[in-house]
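Take a look at the structure below.
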Amino acid sequence: MKKLLSLIVALMMVLGIAASAGAITIGFSQIGQESDWRTANTDSVLAAVEAAGWEMVYSDAQQKQENQVQALRNFISQGVDYILFTGVVSTGWDEVLKEVNEAEIPLILLDRMPEQSTLDAIDYAAAFGGDFVEEGRRMAYWTANYVEKIGKADEELNVVILEGTTGADAATGRQEGIMEVLANYPNLKVIASQTGNFTRAEGQAVMESFLKAHDKIDILLAHNDDMALGAIESIKAAGKDPGEDIIIVGCDAPKTAFDAIIAGDMNATIECTPLYGPFVVAALEKLIAGEAMDKTLIHPEEGAFDAEGGIVYSADGRVTEKAADKIGERLY
Ligand code: GYE
């Protein structure tokens with residue numbers, strides 16, 4: 001009996017080793033952990049890959065491009081089967097991504113995209129990311145509609161902007177969308193715009209300096225909700241009522257922003273989903289099955305949320321949903 005048991009254990013070990021030797025390995029070069037969005041994104045991808053039974057080699061670059069370049073080269077030398085990549089900024093990837101191509105490791109791009117000239121020059125199997133320009137437009141449309149709703153459409157209102165990481169398309173795209181729409185509303189005047197690096201701490205610090213420099217701030221547009229949440233702390237510390245004295249609109253739509261909207265500290269958030277796990281698994285399944293994929297950038301469906309629901313947030317006539325009705329459904 002003992003002999004049989006040890007035989008079974010030995011057999012299981014051999015099979016286990018064989019299974020892991022033959023397992024599909026995926027390298028994931030992630031940016032860091034700067035926001036609620038990023039945490040949810042990492043969790044989504046890791047959980048989906050694990051559930052699919054593949055092996056993940058995960059690398060957190062701590063916001064440094066050179067760490068990402070190193071991680072990609074490590075993936076190449078380790079001989080991973082597939083690479084998932086989100087670049088902290090949009091430039092400077094040509095060389096290392098060509099190395100990935102030369103190693104013939106299929107590449108899937110997630111979230112932030114390299115600049116167009118890089119996308120044209122390299123091969124990649126699939127790309128999933130947010131429509132950042134559209135998100136920026138929605139932030140500005142929501143604001144303009146809300147200003148009208150509260151009867152201030154004829155007032156001159158001062159806007160401050162907390163930008164995301166400089167050089168990231170998530171920041172340049174959102175800024176472009178915001179400025180494009182605000183150009184139609186001359187009463188909404190941008191008086192300051194500065195990076196807060198997508199973090200709560202920097203959002204708080206930069207807002208504090210905005211409040212010191214400007215007596216009249218009516219609207220804050222934050223490229224992500226973490227910076228908005230940090231800014232809310234500074235606004236309270238300055239003795240002002242966030243959501244009331246200063247209209248606050250963010251982007252991403254994590255649970256934490258819903259809580260702030262329900263508490264009346266924040267006015268709206270435009271969704272940018274981090275939940276790419278299912279997209280990644282579907283793409284990998286196709287690649288493994290030898291099905292062709294193309295370079296089309298796929299944007300997930302996204303909503304917008306505020307306290308009351310119903311304010312048009314885009315030129316296409318879509319409406320927001322009430323945060324209080326949706327909080328129970330929030331996945332991140
Ligand atoms: O909005 C922000 C995160 O690239 C879309 O990065 C992403 C952005 C997201 O840090 O919260």
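Every value quoted in this text rests on a predicted model; they were computed, and no experiment measured them. Counting starts at 1 for both ligands and their atoms, in listed order. Just so it is clear, the values below take in all heavy atoms, side chains as well, and ignore hydrogens, waters and symmetry mates.
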Checklist line | Test item: side-chain donor near acceptor, Thr39 and Gln33, under 3.5 Å | finding: no
Item checked: Where ligand 1 meets Arg174 - atom numbers and elements under 4.0 angstrom, heavy-atom basis -> 1 (O), 5 (C), 9 (C)
Next item on the list: Check each heavy atom of Gln33 against ligand 1 and say whether those closer than 4.0 Å belong to the side chain, the backbone, both or neither.
Entry: neither
Check: Do you know which two heavy atoms are closest between Thr320 and Gly310, and how far apart they sit?
Finding: OG1-N, 2.9 Å
Notebook entry, point to check: What class does the angle between the rings of Trp37 and Tyr276 fall in, given that below 30° is parallel, 30 to 60° is tilted and above 60° is perpendicular?
Noted result: perpendicular
Notebook entry, point to check: Nearest protein heavy-atom contact for atom 10 (O) of ligand 1: which residue, which atom, what distance?
Noted result: Glu34 OE2, 2.5 Å
Checklist line | Result of checking Ile219, Val312, Ile311 against Tyr146 for side-chain contact (heavy atoms from CB on, under 4.5 Å) | finding: Ile311
Notebook entry, point to check: What atoms of ligand 1 come closer than 4.0 angstrom to any heavy atom of Arg112?
Noted result: 3 (C), 4 (O), 6 (O), 8 (C), 10 (O)
Item checked: Heavy-atom nearest neighbour in the protein, as seen from atom 5 (C) of ligand 1, with distance rounded to 0.1 Å -> Asp111 OD1, 3.2 Å
Check: Is Asp252 in polar range of ligand 1, meaning some N or O pair under 3.5 Å apart?
Finding: yes
Margin query: Quick check: Trp54 with Tyr82 (ring centres under 6.0 Å apart)?
Written below: no
Item checked: Subset of ligand 1 atoms that lie under 4.0 Å from at least one heavy atom of Arg38 -> 3 (C), 4 (O), 6 (O), 7 (C), 8 (C)
Next item on the list: Quick one: do Arg73 and Glu99 satisfy salt bridge (charged side-chain N to carboxylate O under 4.0 Å, His left out)? Show the steps, please.
Entry: CA-CA 8 Å; Arg73 293 199 168 126; Glu99 291 170 28; 2.7 Å; yes
Note to self: We want to know whether Gln78 and Asn74 form a side-chain donor-acceptor pair, criterion being a heavy-atom distance below 3.5 angstrom.
What the structure shows: no
Notebook entry, point to check: Are Phe279 and Phe128 near enough that their ring centres are under 6.0 Å apart?
Noted result: yes
Next item on the list: Within a distance under 4.0 Å of any heavy atom of Cys272, pick out the atoms of ligand 1 and give their elements.
Entry: 5 (C)
Check: Do Asp226 and ligand 1 have an N or O pair less than 3.5 Å apart?
Finding: no
Margin query: Is there a polar contact between ligand 1 and Ser35, counting only N or O atoms under 3.5 Å apart?
Written below: yes
Margin query: As an exercise, identify every atom of ligand 1 less than 4.0 angstrom from a heavy atom of Ala170.
Written below: 4 (O)
Next item on the list: Run the numbers for me: atoms of ligand 1, each under 4.0 Å from some heavy atom of Phe132, listed by number.
Entry: 5 (C)
